[in-house]
S.K.: 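Quick one: this structure, given as structure tokens, is what I'll be asking you about.
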Amino acid sequence: MADVLCPICGKSNPTELEDCQFCGARLTPLSPSTPSASQPIKAGDNPVVKKTSEFEKVKITPGDFVHPGEAPTEKSTGALESTLPAWLRTLRKGDDSAGAESTPDAIPDQSLPLSSAPDTSSESSDDQPDWLTGLGKAASDDEKEIPDWLESLREEKPGTSPQEFMSLQEPALNQTGSLSPGVGDAEWAARLGSEPKPETPETKPQGDQQGGEASLNWLDSLESDSGVPNAEGQPVAPQDEALNDWLSGLPGSSEENQPEPPREAENLPGMLNLLQEKTLEPELAPLEDDGKAADSEIPDWLSKLGSTPVTTEVPGKESLPDWLSDMETKAGPESVATESNFSSDLPTPGATGEEIPGWLSPLPADAKATENPVSEKEKFDEAPPPSAVREGTGPMPMWLAGIERSKTPKDGTPALITNDEGPGSERNHGAAFSLEMPDWLSKLNPEHASEKPSMGITEPSTPENLGISELPSWVQAMRPVESVLSDTKITPQEDAQVTEQTGPLAGLQGVLPSSPGLGTLRKPPAYNSILKVTDGQQRYTAALERLISSETQPQAAKRSRLASNRLWRWLIAFLLFLAVGLPLIMGIPVTPASTLQPPEMVSAFTIISTLPSNAPVLVVFDYDPALSGELEAAASPLMDHLLLQGPRLALISTSPTGPALAERFLHDTSASPLVAGYNYQPGQQYVNLGYLAGGPAGVQYFANSPTKAAQYTLDGQPAWTLPPLQGVRVLSDFAAVIVLTDNADSGRIWIEQAGSMVGNSPMLMVISAQAEPMILPYYDSGQIKGLVTGLAGGEAYGQTFIRPDSRPGLTERYWDSFSVGTLVMEILIVAGAIWSAIAGWRARLDKSGEKV
Amino acid sequence: MPAIQSANVVDLFTGGISFLLTLMVLSYLIGDNPAFRIAIYLFIGVSSGYVAAVTWHQVLYPRLVVPMLSGSLAERLLLIIPLVLGLLLLLKLSPRTAHLGTPPMAFLVGVGAAVAIGGAVMGTLFPQSRAAMSGLDLSGAGQYWLERLSEGIVMLVGTVTALVYFHFGAKATAGGPQRGKLVSVLSWVGQVFIAVTFGVLFAGVVVAAMTALIERVNFMITFLSSL
Amino acid sequence: MNPRRFPSLIAIVSTAIAIASGVLVLAGYFYVQNGNGQASLFMNIRLTLLDWAVILAGFAVFIGIYNLFQVHFKKIKKTQLGSLYSLLLLISLAVTFLLGLVKPSLMGFVFTTVQLPVEASLMALLAVTLTYASIRLLRRRLNLLSVIFLVTALLILLGTAPLPFLGNIPVLSDWMRPFIAQVMAVAGARGILLGVALGTLTTGLRILFGADRPYGGNK
Amino acid sequence: MSIGLELAGFGLVFLSAAMMLGLSFLRRKSRPVFRDIPAFTRLRQAVGLAVEDGSRLHLSLGRGALITPQSASALAGLALLRRLAELTSAGDQPPIATSGDATLTILSQDALQAAAKYFDQNVSDPMTGRLTGLTPFSYAAGAIAAIRDEKVSANILMGNFGVEVALMTDAVERENSFVLAGSDNLTAQAVIYASAQEPLIGEEIFAAGAYVNSGSMHSASLTVQDILRWLIIAAILVGALLTLAGVL
């Protein structure tokens, strides 16, 4: 225990040595806290703090990465080595006697590559290179987590043989991984710290379950705390967040992270207690004393559990990408992922599995088990049918096995374990990979199988091969896209369809469904927070995939958008302003007045001119302020004409801005000088009934009973007693209804809802040019009696109706600009269209040229 | 508004602000810039505040407050329901109580869906199909019957084919989902009609926008000349 | 972990409310009048429910305003880019609203001074934007339909706006444009409108079945 | 409205309701094949890319008030939003939804949170479902800000718009990101047809749910639309012939 582990070769050296006597790597990182990992934690001292300091030193924010070429800081890796969970280090052991494994100084000599472990099943031994090489490939991934670790390790020990190199990656990766357990456990341990009273040894399994639920709550609280920044997508340095949580878990600031400390505090120690019962090891005594030492202690009791490399290497491998994702997801995902790492390692089907975080749930089970160890032993001895293990539990159940074994080393379980774990683990690798990168692999396979051996493995175990029941829940959960894709059967044509459409995106077909539609979403199992983790998985696969086929670059596809062309905009803007402005400034008429006499306009004119004087007329202002320019220009001749008849006006609108527009029209000289000249007084010559809410319903309500629907004027007086509305009770009492609208929909609403109620009174419309095709048919069908369309219609009306004052109306003033501006616009469109057609045609040719 | 037309100073003031805002917005043509942003955010704030005020004055006050204060007993009783629903809806303001605001939203959605259905069937499906049927109505066409007939036929073909174009069903074939021969041909014709329709509408929008541009330029010129 | 996995009571009640109110209002569309020509019971129910809905929508506006406040307040707190703009927005919002409550007559003044010019200018921007869009169209999708689209638009423009010195183009303005705009376009529009109505119908029905429940709760 | 018409309307609604229910139960297992709509293929790719590079989806629901017939397009958009939120739950960031009507804003927040709950995530964030303005153009202007300022890789504009949608599509083009747009408003469709990268024409926006597999009811409703379509076509043709013959 007094020895120091070499961070590189893992062999033990005397503490006084500065450098490893075997590999020469630096042993003592520049921080004092290094030995704490290997030394038993004394009561009182607080390794957690030291660890945090270590973590902060080796913060893995992209900035801090040792990038290829840079000299790596020994400190970082050395420091992390000290934080490396002991149980992970025990991975390197072959199948050794369970008793010694937890003592670090036993580790060194067996610390050679897993792949070379004699007892690992052939599958696992030959997909070992895959995931490791996968990591190696990930080195060129954009977001570099592993790569840099690999870099730093590589450069620290230049002459590393590939074989050792693989084994070296593991500590490195596990270090990164150990961050996320660190978080969860720290929180968890924080409650221990905050709870003065010692744990009650006779805590029952139920207690553990409560603890499980309780700890869920604090996971929740973590999630909810960090949910907001996550949703906002505020870029936060993930590790910082992680560490903050982590630190906040320390006794000092533990309150905020603990929804209900007391419950937890009594439950969790109980759990530890059970651990103690199971593992009659001295090391665990200190472990309970200061449970604060979460990070170092968790690994320790895990090291009790994980006995054979095959056992623990499996979670190690599976959750590897999760950890990587943890390194970069924010606090919320971080905590979620922490939980999910554990839960993912232990798929517990059924309700309890949903209630208890994975890393807690085995313990009740064990506790029950330990109450009658014999039966438990039997259970393990009579090798359960593989299927049971397969569907029930993932890799982690080996914890149980490990516990059993560590309790009774002579037990025959190891063989049993390897028997059904070997295939189990191999299946899980297969599952993990095939599920992360399912379709695009099988798609890519024809071209790329030769390039990557890993295809060989991932291929057979595509989700199709695996029945859902066979998949551990965490594996299912690791496949958001899969769970999306789940039920879509990939019929040949769908397959072809996708490949044909996504040329450069071929690589994305694991992310994208390979059938019309994205597949029916199967409701994922309880811990769907794992989906967050799978984001990391996808980046991981994406990295791998990019390396597999360098020509498939989704980014490229994304960027293949039209670049908007500023110059064109400026040219258009300049020319249009010129064309519109000059005629207005010069004021020399260049365009002959409109000679058109559209029948709908003429009939509108005749209706207005036949209106009796002092007749009540309803004018509906249903246009946006945006189109006030056009509508005012179009309507002003008609309104001038109307006002010559001296009607009583009622104004209403179904848009909140309508009333203000109505007021403006009546009073603002810029709309219609003539109308403004009348200086209409509210309540005397006109009534502004204001805003009619409710869209068609409101219109219908108003059409059916105007007096109820619009009782008050804009300024709050009861409307229907005012002189302008004398004798008006129903809609048909109005001599005419004139609708000014820019929107075909609101025009149709008035026609359909109010048309039947106006009786013999005519309904006229002044519409924006854009609404013509939809509104005009109603003129043909006789539902509206007259129509003025846009500026041109207004101009035509203006030509028919000669103003008393010879002042030119708006339309006359706009007319020249209108004709010149439109002409310029037409020329621009023609020229530009031809230009871009040629350009597009060229681009198409180039593309086809590249393809050939 | 009297306030506006009364004093020239006021006119100048409002005109100046309007002119400035117009310039700021039009500066978007050069590219997104702070001036544009300022105008936009000011505009969003003002318009939202305006709509909120109008909603109070024109909807809540006359439809809820006044009847509650001075309505008949029946009216008041009837208005208790929307009042309660509205208060529940206000619980949406706090995330903690938000789920209590679900019933009123459900009510709105239900009513909205019904209005949509009713409007679609009674407001569009029947009137439009009836109008499409009457396309071949030659009564009163007189000697223009041929013209009317041809127009009617074109209309009928256009309507039907455009409708066919949207047909979703297809057969799974090796080359992806394929629609039947007849449907494909008809839908191509329909596409032409749709393109023409959009062309016409687009031209209408362009004309409207052009008019708006003219109005703005005219406004700026008149303001400058009034200085 | 997730208490809402099973539809809560509120979710069930809400669904019931949605379906009930929907069916009642719909009934008002199809059973408008009694034999005696009076508005039927369903018609009255429909109008009442719609009145309530309008009031509720009024409440909703204020929730929306609150949301607007929240969003921009957050931006200010985070001093995100444009937090100054957000500040401006909040101030103008508050001022306009209070002004509107206290002195409604001044609202029109604010409206014509700020809102109308900005909106009109935004519309004016469209003149450039749309021209640019129609230029880019063939770059985006080079096919016959795009060409037809552009040609139609050009013909309509030519038919609508007179040429300088020439005025309206004879055949184009008084024969071709009306034919395109009032026969072909109307035909196409009718087809589209019918299709949209069908889509609206089924979408509404999904709500009434409770198959789509946008008002929250689990799907 | 004549009694006959009301009866016919009721019959139509009842018929389509019955067909939808029947089909959705029959079609539980086998999904019908629908014609390929390129826009949705692109949408699928965009979603994948968003999940892949941790960028955001932006869905704009338009400004159609909930209690108007225009609400339907927004309701279709909401179904899509819910679905997209589920699909992107693997990504770092939930989609943001902008709308021009307060009720739609509330609904979009509900949809996003329902999806988040579904995945045990906790997204109660006003920023994800926003009201950007209460009048058409202020809504569009606010949406422009969202399009430009958020890290949005794909924009889906689905709902009731007017001409102002051109401002949004233009902003997207300036941002060089993906836009899929559709509306129930004809004018907006015309603008979208010209200015959007992937336009959805007319009825197609209501098919979004079925094309992203929101459930058997969605695909059933497409089939029902097809059936009704042909019924209407037949009715129109027969009616037209009868009018020609002078019977009607």
Side-chain angles (χ1 to χ4, degrees), chain A residues 216 220 232 234 354-355 526-527 562 568-569 572-573 576 590-592 594-596 624-629 657 660 663-664 668 693-694 697-698 701 704 714-716 769 772-774 776-777 780 790 792 815-816 818-820 822-823 825-826 828-830 832-833 835-837 839-841 844, chain C residues 1-2 5 39 46-47 50-51 53-54 57-58 74 78 104-105 107-108 111-112 115-120 122-124 126-129 131-132 134-142 147 150 153-154 157-158 160-168 173-174 178 181-182 185-186 188-190 193:
Chain A
L216 275 170
D220 273 340
E232 271 164 35
Q234 295 299 328
E354 298 191 358
E355 293 313 301
Y527 278 110
L562 295 166
W568 265 110
R569 293 175 191 276
I572 297 168
L576 284 187
V590 292
T591 313
S594 166
T595 57
L596 297 178
D624 288 341
L627 286 112
S628 55
T657 50
E663 293 292 339
R664 170 186 152 88
D668 195 336
Y701 190 25
N704 288 325
L714 195 57
D715 35 23
E772 182 183 10
M774 278 85 71
L776 201 59
D780 297 333
W815 197 240
D816 291 334
F818 182 61
S819 68
V820 178
T822 317
L823 178 65
M825 187 184 266
E826 288 154 357
L828 276 170
I829 291 179
V830 170
W835 175 80
S836 55
W841 180 60
R844 197 174 283 184
Chain C
M1 185 90 187
N2 179 0
R5 176 141 298 147
R46 173 182 153 204
L47 288 179
L50 282 172
D51 196 32
V54 170
K74 253 191 153 67
K78 293 222 161 15
S105 55
M107 272 199 308
F111 172 81
T112 35
Q115 187 167 352
L116 191 120
V118 173
E119 278 210 29
L122 283 172
M123 187 68 194
L126 285 189
V128 176
T129 303
T131 317
Y132 178 72
S134 44
I135 286 176
R136 296 296 285 188
L137 176 59
L138 289 186
R139 186 74 195 273
R140 226 182 263 112
R141 298 191 301 273
L142 183 53
V147 177
L150 278 183
L154 281 170
L157 281 178
L158 281 170
T160 308
L163 293 178
F165 309 109
L166 300 178
N168 304 95
S173 300
D174 47 28
Q182 297 167 28
V186 167
R190 204 163 267 157
L193 283 176

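Model, not experiment: these values are computed from the prediction.
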S.K.: What residue, out of C:T160, C:V118, C:L154, has the most heavy-atom pairs lying under 4.5 Å from chain A?
M.R.: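 The answer is C:L154.
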S.K.: Applying ring-ring contact (aromatic ring centres under 6.0 Å, His included), name anything that partners A:W835, two or more places apart in sequence or on another chain.
M.R.: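 In terms of ring-ring contact (aromatic ring centres under 6.0 Å, His included), with neighbours along the sequence ignored, A:W835 is linked to A:W568.
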S.K.: Please report the interatomic distance OH(C:Y132) to CD1(A:I829), rounded to the nearest 0.5 Å.
M.R.: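 Answer rounded to 0.5 Å: 14.0 Å.
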S.K.: Give the member of A:G840, A:G629, A:P625 that has the highest number of heavy-atom pairs under 4.5 Å with chain C.
M.R.: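 If we count pairs closer than 4.5 Å to chain C, A:P625 comes out on top.
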S.K.: Is the closest side-chain heavy-atom distance between C:I135 and A:I572 below 4.5 Å?
M.R.: yes
S.K.: Given a strict heavy-atom distance threshold of 4.5 Å, which part of C:L163 is in contact with chain A: side chain, backbone, both, or neither?
M.R.: both
S.K.: Tell me the closest heavy-atom pair linking A:T591 and C:P162, and the distance in Å.
M.R.: CG2-CG, 3.7 Å
S.K.: Go through the atoms of C:L158 and report whether side chain, backbone, both or neither lie under 4.5 Å from a heavy atom of chain A.
M.R.: both
S.K.: Rounded at 0.5 Å granularity, tell me how far CG in C:L157 sits from CE in A:M825.
M.R.: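 Spacing of CG (C:L157) from CE (A:M825) equals 7.0 Å.
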S.K.: Just so I know, are the side chains of C:R190 and A:P777 near enough to count as touching, which here means a heavy-atom distance under 4.5 Å?
M.R.: yes
S.K.: Can you tell me if A:E663 uses its side chain to pair, donor with acceptor, with the backbone of C:G108 under 3.5 Å?
M.R.: no
S.K.: Output the option from C:P117, C:A120, C:A57 having the highest count of non-hydrogen pairs under 4.5 Å with chain A.
M.R.: C:A120
S.K.: A:T822, A:L576, A:V590: which one forms the most heavy-atom pairs within less than 4.5 Å of chain C?
M.R.: A:V590
S.K.: If the condition is side chain to side chain donor-acceptor pair (under 3.5 Å), which residues does A:T657 pass it with, not counting sequence neighbours?
M.R.: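 Testing A:T657 for side chain to side chain donor-acceptor pair (under 3.5 Å), a comparison that skips the adjacent residues, returns A:S655.
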S.K.: Please classify the contact between A:E772 and chain C as side chain, backbone, both or neither, with a heavy-atom cut-off of under 4.5 Å.
M.R.: side chain
S.K.: Considering only heavy atoms and a distance below 4.5 Å, find which of A:A839, A:G698, A:A769, A:G790 pairs most often with chain C.
M.R.: A:A839
S.K.: Please classify the contact of C:F111 with chain A as side chain, backbone, both or neither, using a heavy-atom distance under 4.5 Å.
M.R.: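 The side chain, not the backbone.
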S.K.: Enter the distance from C:Q182:CD to A:D780:CG here, rounded to the nearest 0.5 Å.
M.R.: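 So the CD of C:Q182 and the CG of A:D780 are separated by 6.5 Å.
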S.K.: Would a distance-only check, ignoring hydrogens and angles, find a side-chain to backbone donor-acceptor pair under 3.5 Å from A:R844 to C:L142?
M.R.: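 Checking the backbone N and O of C:L142 against the side chain of A:R844, a donor-acceptor pair under 3.5 Å is found.
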S.K.: Between C:A189, C:A127, C:A53, which has the largest tally of heavy atom pairs under 4.5 Å with chain A?
M.R.: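 Counting heavy-atom pairs under 4.5 Å, the top option is C:A127.
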S.K.: Side chain, backbone, both or neither: which part of A:W815 has a heavy atom under 4.5 Å from chain C?
M.R.: side chain
S.K.: Measuring only between side-chain heavy atoms, which start at C-beta, is A:D816 closer than 4.5 Å to C:P164?
M.R.: no
S.K.: Using non-hydrogen atoms and a 4.5 Å limit, figure out which bit of C:V54 sits close to chain A: side chain, backbone, both or neither.
M.R.: side chain
S.K.: For chain C, which candidate among A:S819, A:A792, A:G832 shows the most heavy-atom pairs at distances under 4.5 Å?
M.R.: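 Of A:S819, A:A792, A:G832, A:S819 has the most heavy-atom pairs under 4.5 Å with chain C.
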S.K.: By a 4.5 Å heavy-atom criterion (distance strictly below it), what part of C:L47 contacts chain A: side chain, backbone, both, or neither?
M.R.: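 The answer is the side chain of C:L47.
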